[in-house]
Amino acid sequence: MSVYTVSDIGELIRDNSYVGRGIVIGKSEDGKKAVFAYFIMGRSENSRNRVFREEGENVTIYPFDASKVEDPSLIIYSPVRRVGSDVVVTNGDQTDTVCDFLREGKTFEQALETRCFEPDAPNFTPRISGILQFADGDFTYKMSILKSADAAGSACNRYTFAYAPLCGVGHFIHTYNCDGNPIPTFTGEPERVRIPNDLHEFADTLWANLNESNKISLYVRYTDLASGSSEGVLINKNQ
């Protein structure tokens, strides 16, 4: 397979029971829209007891049934926040860290230097993050993964990928390669995936192909680069 191959994201996730949490960022085929998606999956009752709520331009995760919450520290957070012209998307409370640094005039990378993988041994779930930076009728984006350097969680390795958007191309990063015990951490570069023009087509492809037992919530947003207006699709398994 060529390094320039662009895959169908439905095919990438269809037969994978557990990719964990995932971020996709890219540009629509017609070049008119900036696109991102974020989804969560879960295996435990605590993880599955969640819903997304859209609050203006931000998205926050809440418990579906508050009486069943065991440990909220790693499951309740805001995966999507806007700061100025930037949109931050992450799989944890590092969203707030990045936003705080941006408000201080600092960078995405500087913020993530202060964070590491999650303290959930033996999995040591990676922290994955993305940022869309809008300017002059276009945008650029970056993605990051913070992951354990070894099976003991003794050190953190940090990887950042910076992209110039290409029409119809996005990048997909997720926390795990597949299910397991411990769960195998994502390896390699973010995967190149096709980004269609239609918001609902893309959201439907993602939701339909995420594992039925483990998928929890999905949020997809398309932003018109000319007008700055945006449209989102939010899907919760728990209703």
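Everything numeric in this text was worked out from a predicted model, so none of it was measured. Note that these values count all heavy atoms, side chains included, but never hydrogens, waters or copies made by symmetry.
- Minimum heavy-atom separation, Ser230 to Thr223: CB-OG1, 3.5 Å.
- A continuous path of ILVMFWY side-chain contacts below 4.5 Å connects Tyr77 to Val89, so both sit in one hydrophobic cluster.
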Please test Asn236 against Ile216 for side-chain contact (heavy atoms from CB on, under 4.5 Å), starting from the C-alpha separation and ending with a verdict. CA-CA 6 Å; Asn236 287 312; Ile216 302 169; 6.0 Å; no

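- In this structure, Lys142 pairs ionically with Glu109, as a charged nitrogen and a carboxylate oxygen lie closer than 4.0 Å.
- Annotation: His171 is not in aromatic contact with Phe161 [ring centroid separation under 6.0 Å not met].
- In the hydrophobic clustering of ILVMFWY residues, with side-chain heavy atoms under 4.5 Å counting as a link, Tyr62 and Leu234 come out apart.
- Summarising the geometry of Ser148 relative to Gly153, their closest heavy-atom pair is OG-CA, 3.2 Å, with the distance given to 0.1 Å.
- The six-membered or imidazole ring of Phe52 lies away from that of Tyr219, with a centre-to-centre distance of 6.0 Å or more.
- Although no hydrogens or angles enter the test, the distance criterion places a donor-acceptor pair under 3.5 Å between the side chain of Lys237 and the main chain of Glu212.
- Taking CZ from Arg158 and CZ from Phe117, the interatomic distance works out to 9.0 Å, rounded to the nearest 0.5 Å.
- Looking only at side-chain heavy atoms (C-beta outward), Pro184 and Cys178 come within less than 4.5 Å of each other.
- Screening Thr90, Thr60, Asp86, Asp96 for a side-chain hydrogen bond (donor to acceptor under 3.5 Å, both in side chains) with Arg81, the sole residue that qualifies is Asp96.
- Looking at Asn16, its side chain never comes within 3.5 Å of a backbone N or O of Leu210 through a donor-acceptor pair.
- Side-chain contact, Asp65 with Ser67: a donor N or O sits under 3.5 Å from an acceptor N or O.
- A donor-acceptor pair is defined here as one N or O able to donate and one able to accept, closer than 3.5 Å; such a pair exists between the side chain of Arg21 and the backbone of Asn91.
- In this structure, Ile235 CD1 and Asp204 CG are separated by 6.5 Å, a value rounded to the nearest 0.5 Å.
- The distance from atom CD of Glu29 to atom CG of Asp198, rounded to the nearest 0.5 Å, is 10.5 Å.
- Closest heavy-atom contact between Ile25 and Gly130: CD1-CA, 3.9 Å.
- For Asp30, the side-chain contact (heavy atoms from CB on, under 4.5 Å) partners at least two apart in sequence or on another chain are Ser28, Lys32, Asn197.
- Counting only heavy atoms from C-beta outward, the side chains of Val88 and Gln94 never approach each other to under 4.5 Å.
- Residues Val87 and Ile131 are not in side-chain contact: their nearest non-hydrogen atoms beyond the backbone lie 4.5 Å or more apart.
- In terms of heavy atoms, Leu225 sits closest to Gly137 at CB-O, 3.4 Å.
- Interatomic distance, Cys99 SG to Phe108 CZ, rounded to the nearest 0.5 Å: 10.5 Å.
- Ile61 and Met41 sit in two unconnected hydrophobic clusters of ILVMFWY residues. Membership requires side-chain heavy atoms under 4.5 Å apart, directly or through other members.
- At least one side-chain heavy atom of Tyr222 sits less than 4.5 Å from a side-chain heavy atom of Pro196.
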Start with the C-alpha distance between Asn177 and Thr185, add both sets of side-chain angles, then the distance that settles side-chain contact (heavy atoms from CB on, under 4.5 Å), and finish with yes or no. CA-CA 6 Å; Asn177 281 333; Thr185 292; over 6 Å; no

Between Val220 and Leu199, does the side-chain contact (heavy atoms from CB on, under 4.5 Å) criterion hold? Intermediate values first, please. CA-CA 7 Å; Val220 182; Leu199 162 69; 3.6 Å; yes

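- No single ILVMFWY cluster, assembled from side-chain heavy atoms under 4.5 Å apart, contains both Ile23 and Phe172.
- Residue pairs meeting the ring pair (Phe, Tyr, Trp, His ring centres under 6.0 Å) criterion with at least one member in residues 186-205, sequence neighbours excluded, are His174-Phe186.
- In terms of modelled atom types and a separation under 3.5 Å, the side chain of Ser7 and the main chain of Ile9 share no donor-acceptor contact.
- Here the side chain of Asn238 pairs a donor or acceptor atom with the backbone of Arg50 at under 3.5 angstrom.
- Proximity of Pro126 to Leu146: side-chain heavy atoms (C-beta onward) are nowhere separated by under 4.5 Å.
- Defined by atom type and a distance below 3.5 Å, a donor-acceptor pair is missing between the side-chain atoms of Ser78 and Asn58.
- With sequence neighbours excluded, the residues satisfying salt bridge (charged side-chain N to carboxylate O under 4.0 Å, His left out) with Arg127 are Asp93.
- Contact check on Glu231 versus Lys33 returns no salt bridge, with no Lys/Arg side-chain nitrogen under 4.0 Å from an Asp/Glu carboxylate oxygen.
- Residues meeting the side-chain contact (heavy atoms from CB on, under 4.5 Å) test with Asn209, sequence neighbours left out: Ile13, Arg14, Thr205.
- Contact detail for Tyr176 and Gly20: the closest heavy-atom pair is CD1-CA, 3.6 Å.
- When side chains are defined from C-beta on, Tyr159 counts as touching Lys147, because their heavy atoms get closer than 4.5 Å.
- Ion pairing between Glu70 and Arg48 fails under the 4.0 Å rule for side-chain N and carboxylate O.
- A 6.0 Å sphere centred on CD of Glu45 holds no more than 12 heavy atoms belonging to other residues, nucleotides or ligands.
- A donor-acceptor pair is defined here as one N or O able to donate and one able to accept, closer than 3.5 Å; such a pair exists between the side chain of Asn211 and the backbone of Asn214.
- Leu206 CG to Phe39 CZ: the interatomic distance, rounded to the nearest 0.5 Å, is 7.0 Å.
- Taking OG of Ser85 as the start and CZ of Phe139 as the end, the distance is 13.0 Å to the nearest 0.5 Å.
- At least one donor-acceptor pair under 3.5 Å links the side chain of Gln110 to the backbone N or O of Thr107.
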Can you check side-chain contact (heavy atoms from CB on, under 4.5 Å) on Val169 and Lys27, steps first, answer last? CA-CA 6 Å; Val169 178; Lys27 182 182 269 190; over 6 Å; no

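- Leu132 has its side chain within reach of Phe36: a pair of non-hydrogen atoms, C-beta onward, lies under 4.5 Å apart.
- Scored by the salt bridge (charged side-chain N to carboxylate O under 4.0 Å, His left out) test, Asp224 finds no partners at all (sequence neighbours excluded).
- Looking at Arg43 and Ser213, their side chains never come closer than 4.5 Å, going by heavy atoms from C-beta outward.
- Across all their heavy atoms, Asp179 and Ser17 have their closest contact at CB-OG, 3.6 Å.
- Here the side chain of Arg192 pairs a donor or acceptor atom with the backbone of Tyr4 at under 3.5 angstrom.
- Applying the side-chain contact (heavy atoms from CB on, under 4.5 Å) rule to Thr97 yields the partners Phe101, Ala111, Thr114, Arg115; only residues at least two apart in sequence or on another chain are considered.
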Quick one, Ser44 with Asn46, criterion side chain to side chain donor-acceptor pair (under 3.5 Å). Give me CA distance, side-chain angles, the key distance, then yes/no. CA-CA 5 Å; Ser44 69; Asn46 193 44; 5.4 Å; no

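- Hydrophobic clustering (side-chain heavy atoms under 4.5 Å, transitive across Ile, Leu, Val, Met, Phe, Trp, Tyr) keeps Val35 apart from Phe134.
- With hydrogens and angles ignored, the 3.5 Å screen pairs no side-chain donor or acceptor of Asn123 with any backbone N or O of Thr125.
- Counted within 6.0 Å of CD on Glu54, heavy atoms from surrounding residues, nucleotides or ligands total more than 12; the atom is thus considered enclosed.
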